[in-house]
J.: 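Before anything else, here's the structure in question.
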Amino acid sequence: MDRTKEISGFLRSRRARITPEDAGLPADGRVRRVPGLRRDEAARLAGVSTEYYTRLEQGRAGNPSAEVVDAVARALRLDETEREHLTDLLRSGTGAARTARRAPARAQRVRPGLHLMLETLAHVPAFVLGRRTDVLASNRLARAVLTDFDALPATRRNLARYYLLDPDARERVGDWERIAAETVAILRLEAGRHPQDRQLADLVGELTLGCAEFTGWWNDHRVLRRTHGSKHYHHPLVGELHFSYESFQAPGDAEQTLCVYNVEPGSATAEALRLLDSWTAPGAPARPLPRA
């Protein structure tokens, strides 16, 4: 990842969201060739010189202080995740960061306790995500609702790859465009944190070639952290499934996330999951998919 291009693209995209009127700046009568704030306006709001802000946006400002980062974040109205991303980008060129990235990342392993938790949550879909949205472990209902990750080679078990490249996902995932775009934003955040991750770069290249919408979403520079939300699936066996998902950082490993798809007790989705569980249980007779 080119650090200077990433910093420039991110800050320019955040400037473009804010009009001078929104920022409370007086009209100056000049013709605007780009949407949003100009560099000098962003600099004024941040309380720094236009020259310094320009160097910052071009990735030539060295390692800015926390006070400068805070000022720019306030001026551009960055949320907490965007501020973290900006900090990652600005620090990615420092000597300490470069040294830390030289060590190869260890293969991620899920603790036995987390595997046990997935089985304890057998009544709802649950899975563990690692770096790059790699699916490190999943329970049976997660594989039944999404796709059978265990049937894939270990290097292909990836949620972003499933959402964006698997034709079945476009049919199965409700509001596919929103979910796919949010997944790209999650990868964007990780790219800022791990700019030298070769596997992530390879995944981005694969998604660029295989998904027509990916480049547009990637160039938006949107960043997102997994927390909670809603998911909707069209399952070929049991029909419509509606979930409220929660994501939890695994204790002891900040790069593993436990994702749980919760359902309302007594709801149609809860009954559908009960049927799906019985139909996909080991030893259950094979059932043909219903006609569309």
J.: Mind jotting down which residue pairs meet the ring-ring contact (aromatic ring centres under 6.0 Å, His included) criterion with at least one end in residues 59-82? Sequence neighbours excluded, please.
T.: none
J.: With distance as the sole test, does Asp88 use its side chain to make a donor-acceptor pair with the main-chain N or O of Gly192 at under 3.5 Å?
T.: no
J.: Using the rule side chain to side chain donor-acceptor pair (under 3.5 Å), only one of Asp202, Asn158, Asp197 pairs with Arg132; which is it?
T.: Asp197
J.: For Asp22, give me all partners under side-chain hydrogen bond (donor to acceptor under 3.5 Å, both in side chains), at least two apart in sequence or on another chain.
T.: Thr19
J.: Can you tell me which residue pairs pass the ring-ring contact (aromatic ring centres under 6.0 Å, His included) test with a partner in residues 196-227, sequence neighbours excluded?
T.: Trp176-Trp217, Phe214-Trp218
J.: Give a yes or no on this: more than 12 heavy atoms of other residues, nucleotides or ligands lie within 6.0 Å of atom CD of Glu177.
T.: no
J.: Is there a path from Val184 to Leu209 through hydrophobic residues (I, L, V, M, F, W, Y) whose side chains come within less than 4.5 Å of each other?
T.: no
J.: Could I get the full list of side-chain hydrogen bond (donor to acceptor under 3.5 Å, both in side chains) partners for Arg274, not counting sequence neighbours?
T.: Glu271
J.: With sequence neighbours excluded, tell me which residues meet ring-ring contact (aromatic ring centres under 6.0 Å, His included) with Tyr53.
T.: none
J.: Are Leu90 and Leu56 side-chain neighbours, meaning at least one heavy-atom pair lies under 4.5 Å?
T.: yes
J.: To check you understand the geometry: which heavy-atom pair defines the closest contact between Ala250 and Leu114, and what is its length?
T.: CB-CD1, 3.9 Å
J.: Under the side-chain hydrogen bond (donor to acceptor under 3.5 Å, both in side chains) test, which residues partner Arg77, sequence neighbours left out?
T.: none
J.: Using the test ring-ring contact (aromatic ring centres under 6.0 Å, His included), find all partners of Phe10 that sit at least two apart in sequence or belong to another chain.
T.: His85
J.: Taking the side chain as C-beta and beyond, is there a heavy-atom pair between Leu203 and Arg161 under 4.5 Å?
T.: yes
J.: Assess whether atom CD of Glu171 is packed by more than 12 heavy atoms of other residues, nucleotides or ligands within 6.0 Å.
T.: no
J.: According to side-chain hydrogen bond (donor to acceptor under 3.5 Å, both in side chains), who are the partners of Asp277, at least two apart in sequence or on a separate chain?
T.: Arg140
J.: Mind jotting down which residue pairs meet the salt bridge (charged side-chain N to carboxylate O under 4.0 Å, His left out) criterion with at least one end in residues 245-256? Sequence neighbours excluded, please.
T.: Arg131-Glu255
J.: Tell me the ring-ring contact (aromatic ring centres under 6.0 Å, His included) pairs involving residues 127-147, sequence neighbours left out?
T.: Phe127-Tyr261
J.: Glu6: what forms a salt bridge (Lys or Arg N to Asp or Glu O under 4.0 Å) with it, not counting sequence neighbours?
T.: Arg188
J.: Who are the ring-ring contact (aromatic ring centres under 6.0 Å, His included) partners of His234, not counting sequence neighbours?
T.: His232
J.: Quick check: are there more than 12 heavy atoms from other residues, nucleotides or ligands sitting under 6.0 Å from CZ of Arg109?
T.: no
J.: Out of curiosity, Leu45 CG to Ile18 CD1, how far, rounded to the nearest 0.5 Å?
T.: 7.5 Å
